[in-house]
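Counting begins at 1 with the first residue of the sequence. Here the structure is a predicted model, which means the values were calculated and not measured.
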Amino acid sequence: MTASTPDKSAGAFVRKYSPDFGEVKWTWTVPNCFLDWAGGLQRSMPALGDDGNLYIVSRENSSVYRINTESGEGAKVFSYPAAAYPNKAQTGINICDGKLVSAFSGLRSGVIAVADIGVNPQKSWSTVVGDPCGTKSYEAAWGLPDQLSSLEIPIGTQNAYMFDAKSNSDLVSDLLRFLDRAAAKVEGTPLSEKFKTLRAEVVANYDSDPFEWIDRVNTFVTENIAGYTPEVFDAPGEPEGVELARRLLLLLRDYPLHEVSLTNDVVSMEPGQADAFNASIAKVQEAVVDKLLAWLDTPAPAPGVLELFKIYNMGYVARTADHCIGIDIYWWSSQEKMKKLCDSIEAIFVTHAHGDHFNLELLTEMSSREGKYLFMTTGTKNMFTPASSAALYAWDSSVLEPVDCDGLSVSASIGAQGDLPCQLFSIGMDGFCIWACGDNGKDTAYDVAAANFNAPHLTMVSVAGAAGLITKAGRSAKGAVSHDVAYVVSHENEVHHTIDGRVAYKFFFESPRTLEDNVYSKNVGKYAALDYGEILTISAGK
């Protein structure tokens, strides 16, 4: 078994272990394999070739090395020509039928480079692949021999992703092209005409106010998506009707939420740009809070119905006839409104101690309420001083025997995001089961969940996370054959992250997703993608 391990001080190495990890067979240091880029070490993806050798990219010197898996001896195979290697970010490789494929993404362009490693490695290169929206997610062609043999390499997977930092004028140009395509896809419908009108308005106002489009587009999406009720869709096949309309509107939301004002200095901010973006997103977010509180004032759903309100990123409120809970809630509104939220929910779940998954004032307020429940890891608990009124559970291990909290049933499977403990919560409420996975990327967490928990009716799928693990676990958990699992897309459009840390609806909708067995259309199953402030309603057994 082999593993690539980053270490900023010691460099990078590939290591072979005995099957039980009890003995190191050999270690080979990869020359200059890791580059300190964008504030962190970027992982180079090794691949096992058809010839039984291991291949790995040394990104800093733009070379590919071949490592003999028996002896551990490594040697350079070739170097990439500069034209095919514009930057040193996010790399993956694969080898099939004697051809090596590498995928690179960067701030201005993306490359899929193909070389014949057996004949003439310096001449058989693909062209630079551009992306009009800016999402950088390149398929490293794992397990896709048919596409490889014809060199038709699909773009988009969880190997690497980035939303490009662009100038305002470049992003508006991309937006206008998207509106042309969107209008054509729904030609003959009222939505098509609305897309055309929006395009004309953006163009007409650009010279007088070059950032006016940001709020105009945000408002357009909010107003028009309200006419298309959130649904759970089957992934196979081309979208049409409501699904196509929702998809286009959510893809349109990517543009204002991924403009450059909250990045670092990769692209210089233009005067007024940050103000326009921040004002627009603040308006959107405050409207979401008001909608959430108004919704919580309405009667609870009937027995056998579950409602899920999306606040932001991985933040949700879920309610049934007798229960109402919050999951990974990041809060930006007033304390007064926060207290109203605490009045309505009985429990808050925090999967892990990353700041976009919780709010300390909210947790403190909830902890002061009698009859309330809080669930988290100790990493989150150690960040604040909880009051003693509510029941607080801080778990850094799996809890397989369900804890009953006045009819709310809670179990947990411990995993991690990187080195940070992250819980997979299994939450039972009024006959429904929800899996809140956070950013969990540890396979053992999903193995434990599949073996011990009821299959979820809903589970949150992080767009660039361990979606394949979630999919497989949910389908093999207890009772999975009795109902379909709906996967709710999350962690897209993260406006409190910089551009290089955000993903997009585009990443999910327009990229082949390797959720299971590398076959997107057959294995993604049922999914729902929600905009800010939207409510998904499902019934038991559906």
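Using a 4.5 Å cut-off on side-chain heavy atoms (C-beta onward), Asn278 and Lys283 make no contact.
Atoms CD and OG1, on Glu193 and Thr197 in that order, are 6.5 Å from each other to the nearest 0.5 Å. Going from atom CD1 of Ile325 over to atom CZ of Phe425 covers 10.5 Å, rounded to the nearest 0.5 Å. Rounded to the nearest 0.5 Å, atoms CH2 (Trp332) and CD (Glu286) are 9.0 Å apart. How far NZ of Lys340 is from CG of Asp290: 8.5 Å, rounded to the nearest 0.5 Å. Summarising the geometry, atom CD belonging to Glu231 is positioned 11.5 Å from atom CG belonging to Leu530; distances are rounded to the nearest 0.5 Å. Taking CD1 of Ile345 as the start and CE of Met366 as the end, the distance is 4.5 Å to the nearest 0.5 Å.
In terms of the ring-ring contact (aromatic ring centres under 6.0 Å, His included) criterion, Trp331 has no residue partners (sequence neighbours excluded).
Of all non-hydrogen atoms in Ser344 and Cys324, the two that sit nearest each other are O-CB, 3.6 Å. Closest approach of Ala276 and Phe211 over heavy atoms only: CB-CB, 3.5 Å. Taking all atoms of both residues into account, the shortest heavy-atom contact from Lys196 to Ala183 is CG-CB, 3.9 Å. Shown here for Ala321 and Asp430, the closest heavy-atom pair between the two residues is N-OD2, 3.4 Å. Closest of all the heavy-atom pairs between Leu360 and Met383 is CD1-O, 3.7 Å. The two residues Phe432 and Leu306 make their nearest non-hydrogen contact at CZ-N, 3.6 Å.
Between Phe178 and Tyr255, a ring centre-to-centre spacing shorter than 6.0 Å is recorded. Aromatic rings of Trp395 and Phe375 (six-membered ring for Trp) have centroids within the 6.0 Å cut-off, being under it.
Between His352 and His354, the ring planes lie perpendicular to each other; the angle is over 60°, past the 30° to 60° tilted range. Relative ring orientation between Trp435 and Phe453 is described as perpendicular, the plane-to-plane angle rising above 60° on a 0-90° scale split at 30° and 60°.
Formation of a donor-acceptor pair under 3.5 Å by the Ser367 side chain with backbone atoms of Ala387 is found in this model. Checked by atom type and distance alone, the side chain of Asp531 never pairs as donor or acceptor with a backbone atom of Glu534 at under 3.5 Å. Without hydrogens or angle criteria, Asp328 side chain to Thr351 main chain gives a donor-acceptor distance under 3.5 Å. At distances below 3.5 Å, not a single donor-acceptor pair connects side-chain atoms of Thr380 with backbone N or O atoms of Met376. No side-chain donor-acceptor contact under 3.5 Å links Asn359 to the backbone of Tyr330. No side-chain donor-acceptor contact under 3.5 Å links Arg199 to the backbone of Leu175. A donor-acceptor pair under 3.5 Å links the side-chain atoms of Tyr446 to the main chain of Asn440, judged by distance alone. For Thr378 (side chain) and Lys381 (main-chain N/O), no donor-acceptor pair under 3.5 Å exists by modelled atom type. Without hydrogens or angle criteria, Glu187 side chain to Ala184 main chain gives no donor-acceptor distance under 3.5 Å. Between the side chain of Glu307 and the backbone N or O of Thr537 there is no donor-acceptor pair closer than 3.5 Å.
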Side chain to side chain donor-acceptor pair (under 3.5 Å) between Tyr316 and Ser490, intermediate numbers included: CA-CA 10 Å; Tyr316 294 92; Ser490 299; 2.5 Å; yes
Verdict with supporting geometry, Val203 and Tyr206, side chain to side chain contact (heavy atoms under 4.5 Å, CB included): CA-CA 5 Å; Val203 171; Tyr206 185 80; 5.9 Å; no
Taking it one step at a time, do Trp213 and Asn168 satisfy side chain to side chain donor-acceptor pair (under 3.5 Å)? CA-CA 10 Å; Trp213 71 272; Asn168 183 66; 2.8 Å; yes
Would you sort out whether Leu249 and Tyr228 count as a side chain to side chain contact (heavy atoms under 4.5 Å, CB included), showing the intermediate values? CA-CA 10 Å; Leu249 288 164; Tyr228 303 94; 3.9 Å; yes
Apply side chain to side chain donor-acceptor pair (under 3.5 Å) to residues Asp439 and His357 and explain how you reach the verdict. CA-CA 10 Å; Asp439 299 337; His357 289 252; 3.2 Å; yes
Show the numbers, then the answer: is there a side chain to side chain donor-acceptor pair (under 3.5 Å) between Arg253 and Thr222? CA-CA 9 Å; Arg253 179 75 90 184; Thr222 299; 2.9 Å; yes
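Around CD of Glu240, the count of heavy atoms belonging to other residues, nucleotides or ligands within 6.0 Å does not exceed 12.
Ion pairing between a basic and an acidic side chain is recognised when a charged N comes within 4.0 Å of a carboxylate O; Lys310 and Glu492 show such pairing. The pair Glu365-Lys372 does not count as a salt bridge, with every side-chain nitrogen at least 4.0 angstrom from each carboxylate oxygen.
Here the rule is side chain to side chain contact (heavy atoms under 4.5 Å, CB included) with Ile434, and of Ile327, Val488, Thr459 only Ile327 fits it.
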